[in-house]
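What you are looking at is a predicted structure, and each value in this text was computed from that prediction instead of being measured. Each chain gets a letter, A, B and so on, in the order its sequence line appears, and its residues count up from 1.
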2 protein chains.
Amino acid sequence: MTADQVITVHGDAELIARAGHLFAGTQREFVCAARDLDTWSQPEARQAIGRRMRGADTSGITVDKLVSPVALADEAARSHLREVAARGARVRISSAPLPHETIIIDRRVMILAGRGAPGMREFTVTTSPVLVDGVYSLFRAAWETATDLAAYLRGDVPHLDAGSRAVLRALGAGYTDESAARQLGLSLRTYRRRVAELMATLEADSRFQAGVRAGELGLTG
Amino acid sequence: MTADQVITVHGDAELIARAGHLFAGTQREFVCAARDLDTWSQPEARQAIGRRMRGADTSGITVDKLVSPVALADEAARSHLREVAARGARVRISSAPLPHETIIIDRRVMILAGRGAPGMREFTVTTSPVLVDGVYSLFRAAWETATDLAAYLRGDVPHLDAGSRAVLRALGAGYTDESAARQLGLSLRTYRRRVAELMATLEADSRFQAGVRAGELGLTG
DNA sequence: GGGGCGATGGCAGCTTGTTGCCATCGCGTT
DNA sequence: AACGCGATGGCAACAAGCTGCCATCGCCCC
């Protein structure tokens, strides 16, 4: 039995001081799962990382960012994600709650953030291959089934009102239009109108396609 | 800056000796993500855990098991999963490669397995809240989007022949039956027969539902 | 009150999908 | 050749879904 070291640091400043070189030293891959964008919204932290990255060659590096829908709540966050995506990062949205922040660099170093006020969070840094590999696999599993940012914005999931969701549920349950309309207390005409609107929103040409899209966007579970 | 301890043990025997009490001490929740079932296929390990669990009250404990499709490859593994499910565990299948083994008990303790020959693997045990919470969230994210075992077996995805897949593609592309049939070089009647068969296979009552199912089973990407 | 407006729902006509029935065809067996 | 059998495709009748048109209703604003 042996004891690996896992370093814990408190606050952005200490993280930058102790682990900043890890960010700058990224060789191939930078993956990140986060519930929100609090960390990088902190101007000091972002600038500090920015300075570190300045001289680095970022061309061969893939950046994968997995965030929850919360990260799209306000416009500032949206524009930040768009900017990141424009610089070549792949961004996906996971409907499940994500960690406060999980970063894996080159599949060698892992940094996890705990709860706490922005700027004063607790961070855990580790290089244990078993830990990093394990978490990396879980990240990939979550990543694979998440929705691409572009598709997510296209579908504009959150803008579905309660009515549309009800229609979606009825469709997913396999009812005919007639019984679905009855159950929702709508006329057949209106129900079908709703379906047509929904299909327009999902940019689907057929109900089958609408079903696939709905599934993709996580509107059925 | 502080240093947390992460214990590393080698081999099933040492894991049982050092961490066996953790399994037996499960109070509420036992979650587990694994690529295959090697660990628990080892008779000694399973028996040892079994002995530990014997007297424990398992009624209030939820067990979630997330595995890759590989775990369904041979009949022994299948029957083990069925047995586990019968005892109340929730089992889901993730299409992405999973860690060799990740276990989180009561959201307090985490055990990760590394590579290595069955029986002689390296395990990492940690209780760091930041690490455990972070990994737990990732697990949930992967879990949410995974397929339920029952649905997975019901759908029997791999047994779709090339024809059915072509039909699926046509449906997913949003073509009408007429143009789809033309493109596939089938008569309208035969194409529709295929669609009907497909829907029967997917146990779908409507094309919309078939679309959702197809998406769930990953037949569209 | 009156007018505008969006949401609703009835109706009708049309398109699309669903299914049973049967003729046909290819193919391997007897 | 004769037969059986499964796959195919045409046909038809029916069910389901789609949509334009218009009447109506509730609501807000003037």
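Between the CG atom of B/L198 and the P atom of C/dT19 there is a distance of 13 Å, rounded to whole Å. In this entry the distance linking CD of A/E197 with P of D/dT19 reads 12 Å, nearest Å. Between the CG atom of A/L188 and the P atom of C/dG10 there is a distance of 9 Å, given to the nearest Å. Going from atom CG of B/L171 over to atom C1' of C/dG17 covers 11 Å, rounded to whole Å. Distance CD (B/E178) to C1' (C/dC14): 14 Å, rounded to an integer number of Å. For B/R192 and C/dT15, the CZ to P distance is 14 Å, given to the nearest whole Å. The CZ atom of A/R207 sits 11 Å away from the C1' atom of C/dG17 (whole-angstrom rounding). Atoms OH (A/Y191) and P (D/dA16) sit 13 Å apart, rounded to a whole Å.
A/R121 CZ to A/L112 CG: the interatomic distance, rounded to the nearest 0.5 Å, is 11.5 Å.
Of all nucleotides listed (C/dT18, D/dG9, C/dT8), C/dT18 comes nearest to the side chain of B/D177. Counting only heavy atoms from C-beta on, B/M199 has its side chain closest to C/dT18 among C/dG17, D/dT8, C/dT18. Side-chain atoms of B/R193 lie closest to C/dC21 of the nucleotides C/dG17, D/dA16, C/dC21.
A donor-acceptor contact closer than 3.5 angstrom links the side chains of B/E29 and B/Y136.
The main-chain N or O of A/L202 is found under 3.5 Å from a side-chain atom of A/R213 such that the two form a donor-acceptor pair. Formation of a donor-acceptor pair under 3.5 Å by the B/T190 side chain with backbone atoms of B/L186 is not found in this model.
In this model, a side-chain donor or acceptor of B/R189 finds a partner on the base of C/dG20 within 3.5 Å.
B/S187 has no side-chain polar atom (N or O) that falls below the 4.0 Å cut-off from OP1 or OP2 of D/dT8.
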